[in-house]
Amino acid sequence: MKTKLTLLLIVVISINNLLAQDTLSVLFLGNSYTSVNNLPQLVKNLTNSAGKTLNIDSNMPGGFLMSGHANDGTTFSKISQGNWDYVILQEQSQIPTIDFYRYNDMYPAITDLKALIEQYNPCAKIITYMTWGRRFGGMQCGPGNTYCSPNFVNFNHMQDSLTSAYLEISEQLNVQCAPVGVVWQNILNDTNLVLHSGDNSHPNIDGSYLAACAIFSSIWKQGVSGLSYTAGISSQRAQYYQLMSDNVLFNSTNDWNLLINNPSANFSESISSNTATFTNSSSSVNSTLNYSWDFGDGNTSSIQNPSHTYITSGNYTITLIASNCIFSDTISKTIQIGTTSIEESAANNFKFYPNPTTNQITIKAANQLLGSVYTVYDFTGKSVLNGQILSEQCVIELSNLSRAIYLLSIGGDLKQTFKLIKE
């Protein structure tokens with residue numbers, strides 16, 4: 001059923017922007033389906049309207065196959081420059097629909113290109129650019145007409161073959177897929193709009209704008225709806241295209257591996273006395289992760305599974321950031337170290353007073369604590385005074401200490417630690 005644009009309602013679910021930066025560099029490798037209407041520039045213009053920056057480069061010779069790119073000097077030169085955040089791969093429009101070329105040309109070539117890209121760009125992520133079927137379907141043949149596709153009865157028949165091919169290789173290589181062809185399919189099945197140019201193969205400006213919308217969201221992990229850039233298309237139609245693109249990217253049953261590169265941060269902890277040991281269980285599909293720990297007391301670490309000894313008892317918020325180049329994930333947990341108050345220490349048959357104090361304190365201890373060692377630490381963790389509790393009321397002279405906050409430990413090894421204020 002065809003629907004008038006003015007009556008169309010679409011529910012769009014947005015996701016958080018998971019990128020750790022607002023400037024990215026993207027290399028487009030394809031052919032005329034990418035170069036017509038300058039698709040890379042359309043994506044850049046959408047990015048500008050979102051308040052972000054996209055640095056772009058491309059190699060888009062007409063009719064080029066992925067196997068051509070895998071053996072092309074210009075492609076190699078651009079890949080080997082390094083520092084790409086994304087490389088977008090667009091296969092020739094017929095090859096994925098012909099089984100012989102799909103399995104013996106397209107898939108091996110994309111696999112080789114992925115290895116080459118990762119060799120020179122350890123942080124680069126790949127997006128396969130799913131193209132669209134011919135307007136009226138038909139049989140598609142490769143070089144020399146030796147191998148051909150089925151005789152597709154219409155656009156949908158051919159699009160289903162393209163969708164299958166792009167999803168299969170994207171799943172095999174654990175890479176993203178920009179489902180441009182599916183966005184086209186949903187619009188063509190919903191309206192009488194024309195997205196093909198006069199050759200019934202290449203895109204008109206509407207078709208290229210749709211491709212740019214889907215690729216924008218694949219790069220930035222956010223919806224395109226509401227962006228001001230329209231490529232000269234009417235605002236009403238551009239808004240419809242934006243909504244339809246977002247609906248496919250974020251509301252469909254297929255997730256297009258959209259978040260496959262995003263790490264998942266997680267950890268567990270074990271606490272012994274004042275020492276916490278952290279076991280890192282963060283994960284990522286494609287990359288080795290880097291870690292940034294904040295122990296909540298001003299100390300940090302970048303090792304995978306750290307341990308940390310706290311100077312004083314209390315509650316501490318532990319924050320772990322797991323990062324994968326431009327992607328990151330953060331998790332925070334609160335842990336409790338030791339006792340936290342004088343009242344709790346009294347329950348353990350121990351208290352001291354006065355606190356704050358000027359020159360001395362008196363430790364009142366139960367019999368079972370007699371003979372225990374006491375230690376006073378400054379806030380850097382340095383021991384400045386120590387002795388033994390030899391009576392139930394043990395007086396400790398503090399006149400030689402400067403005015404500051406100290407830590408009083410009873411039992412050695414920071415088994416019970418309390419804040420002590422010297423005025």
Side-chain angles (χ1 to χ4, degrees), residues 1-17 33-34 36-52 54 88 90 93 127 129-136 154-156 158-160 162-163 166 176-256 258:
M1 177 180 178
K2 305 298 182 181
T3 306
K4 292 183 179 180
L5 303 187
T6 54
L7 299 179
L8 183 66
L9 296 175
I10 300 175
V11 177
V12 178
I13 300 174
S14 63
I15 62 172
N16 291 329
N17 185 2
Y33 271 38
T34 302
V36 166
N37 299 314
N38 199 349
L39 175 63
Q41 186 63 46
L42 297 180
V43 179
K44 182 180 177 70
N45 293 343
L46 281 170
T47 297
N48 291 341
S49 70
K52 303 175 186 293
L54 196 69
I88 295 178
Q90 178 247 312
S93 59
I127 299 176
Y129 165 14
M130 180 199 296
T131 56
W132 49 86
R134 302 294 170 94
R135 187 176 181 188
F136 302 110
N154 54 26
F155 170 89
N156 283 325
M158 183 174 178
Q159 184 57 53
D160 290 344
L162 287 163
T163 300
Y166 276 98
Q176 283 184 245
C177 178
V180 175
V182 175
V183 179
W184 274 49
Q185 187 171 32
N186 285 9
I187 289 172
L188 293 177
N189 287 337
D190 187 70
T191 71
N192 290 312
L193 291 168
V194 176
L195 303 177
H196 294 84
S197 64
D199 66 1
N200 297 319
S201 171
H202 289 82
N204 60 21
I205 187 60
D206 291 51
S208 291
Y209 182 75
L210 271 172
C213 288
I215 292 174
F216 169 90
S217 293
S218 297
I219 292 171
W220 293 106
K221 313 298 181 287
Q222 69 179 70
V224 73
S225 294
L227 296 185
S228 61
Y229 179 69
T230 66
I233 299 168
S234 70
S235 296
Q236 181 187 21
R237 186 179 295 181
Q239 183 182 41
Y240 168 72
Y241 289 153
Q242 291 174 356
L243 290 173
M244 288 296 282
S245 178
D246 284 351
N247 198 45
V248 171
L249 264 293
F250 304 114
N251 296 347
S252 69
T253 57
N254 193 304
D255 64 4
W256 319 111
L258 187 68

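Heavy atoms only: backbone and side chains are in, while hydrogens, waters and symmetry mates are out. Everything numeric here is computed off the predicted structure, so don't read it as measured data.
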Engineer: Can you name the side chain to side chain contact (heavy atoms under 4.5 Å, CB included) partners of D160, sequence neighbours left out?
Structural biologist: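 Counting only residues at least two positions away or on another chain, D160 forms a side chain to side chain contact (heavy atoms under 4.5 Å, CB included) with Q185.
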Engineer: For S218 and W256, test the side chains for any donor-to-acceptor distance below 3.5 angstrom and give the result as yes or no.
Structural biologist: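 Side-chain D/A pair, S218 to W256: absent.
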Engineer: Counting only N and O atoms by type, is there a donor-acceptor contact under 3.5 Å from the side chain of S197 to the main-chain atoms of H202?
Structural biologist: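 Here the side-chain-to-backbone pair exists.
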Engineer: Is a donor on one side and an acceptor on the other found under 3.5 Å between the side chain of H196 and the backbone of G133?
Structural biologist: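 Yes, the answer is positive, given that a donor and an acceptor are paired below the 3.5 Å cut-off.
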Engineer: Rounded to the nearest 0.5 Å, how far does CG of D246 lie from CZ of F216?
Structural biologist: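 So the CZ of F216 and the CG of D246 are separated by 9.0 Å.
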Engineer: Got a second to check how far Q242's CD is from L46's CG, nearest 0.5 Å?
Structural biologist: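 Output value for this atom pair is 7.5 Å.
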Engineer: May I have the step-by-step check of side-chain contact (heavy atoms from CB on, under 4.5 Å) for L42 and I215, ending in yes or no?
Structural biologist: CA-CA 10 Å; L42 297 180; I215 292 174; over 6 Å; no
Engineer: Checking Q90 against Y166: is there a side-chain donor and acceptor pair closer than 3.5 Å?
Structural biologist: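 Note: Y166 and Q90 side chains miss the donor-acceptor criterion.
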Engineer: Let me confirm one number: the CD1-CD1 distance from I233 to I205, rounded to the nearest 0.5 Å.
Structural biologist: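 The CD1 atom of I233 sits 5.5 Å away from the CD1 atom of I205.
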Engineer: Drop me the distance from W132's CH2 to L195's CG, to the nearest 0.5 angstrom.
Structural biologist: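 Going from the CH2 atom of W132 to the CG atom of L195 covers 9.0 Å.
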Engineer: Does any non-hydrogen side-chain atom of Y209 lie less than 4.5 Å from one of N37?
Structural biologist: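 Not in contact.
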Engineer: I need the L54 CG to N48 CG distance, nearest 0.5 Å.
Structural biologist: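 That separation rounds to 8.0 Å.
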Engineer: Would you give the length of the straight line joining atom OG of S217 to atom CG of L258, rounded to the nearest 0.5 angstrom?
Structural biologist: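 Those atoms lie 8.0 Å apart.
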Engineer: Are N45 and Q41 linked by a side-chain donor-acceptor pair shorter than 3.5 Å?
Structural biologist: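 Indeed, the side chains of N45 and Q41 share at least one donor-acceptor pair under 3.5 Å.
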Engineer: For T230, check side chain to side chain contact (heavy atoms under 4.5 Å, CB included) against everything at least two apart and list the hits.
Structural biologist: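 A238.
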Engineer: In terms of heavy-atom contacts, does CD of Q239 have more than 12 from other residues, nucleotides or ligands at under 6.0 Å?
Structural biologist: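 Atom CD in Q239 is not packed in, count stays at 12 or less.
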Engineer: Can D206 and Y241 be counted as having a side-chain donor-acceptor contact under 3.5 angstrom?
Structural biologist: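 Yes, Y241 and D206 have a side-chain donor paired with an acceptor closer than 3.5 Å.
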Engineer: Show the numbers, then the answer: is there a side-chain contact (heavy atoms from CB on, under 4.5 Å) between I187 and V183?
Structural biologist: CA-CA 6 Å; I187 289 172; V183 179; 4.3 Å; yes
Engineer: Is it true that T47 and Y229 share a donor-acceptor pair across their side chains at a distance under 3.5 Å?
Structural biologist: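 No donor-acceptor contact under 3.5 Å links the two side chains.
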Engineer: Answer with yes or no whether the side chains of N254 and S252 bring together a donor and an acceptor at under 3.5 Å.
Structural biologist: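 Side-chain D/A pair, S252 to N254: absent.
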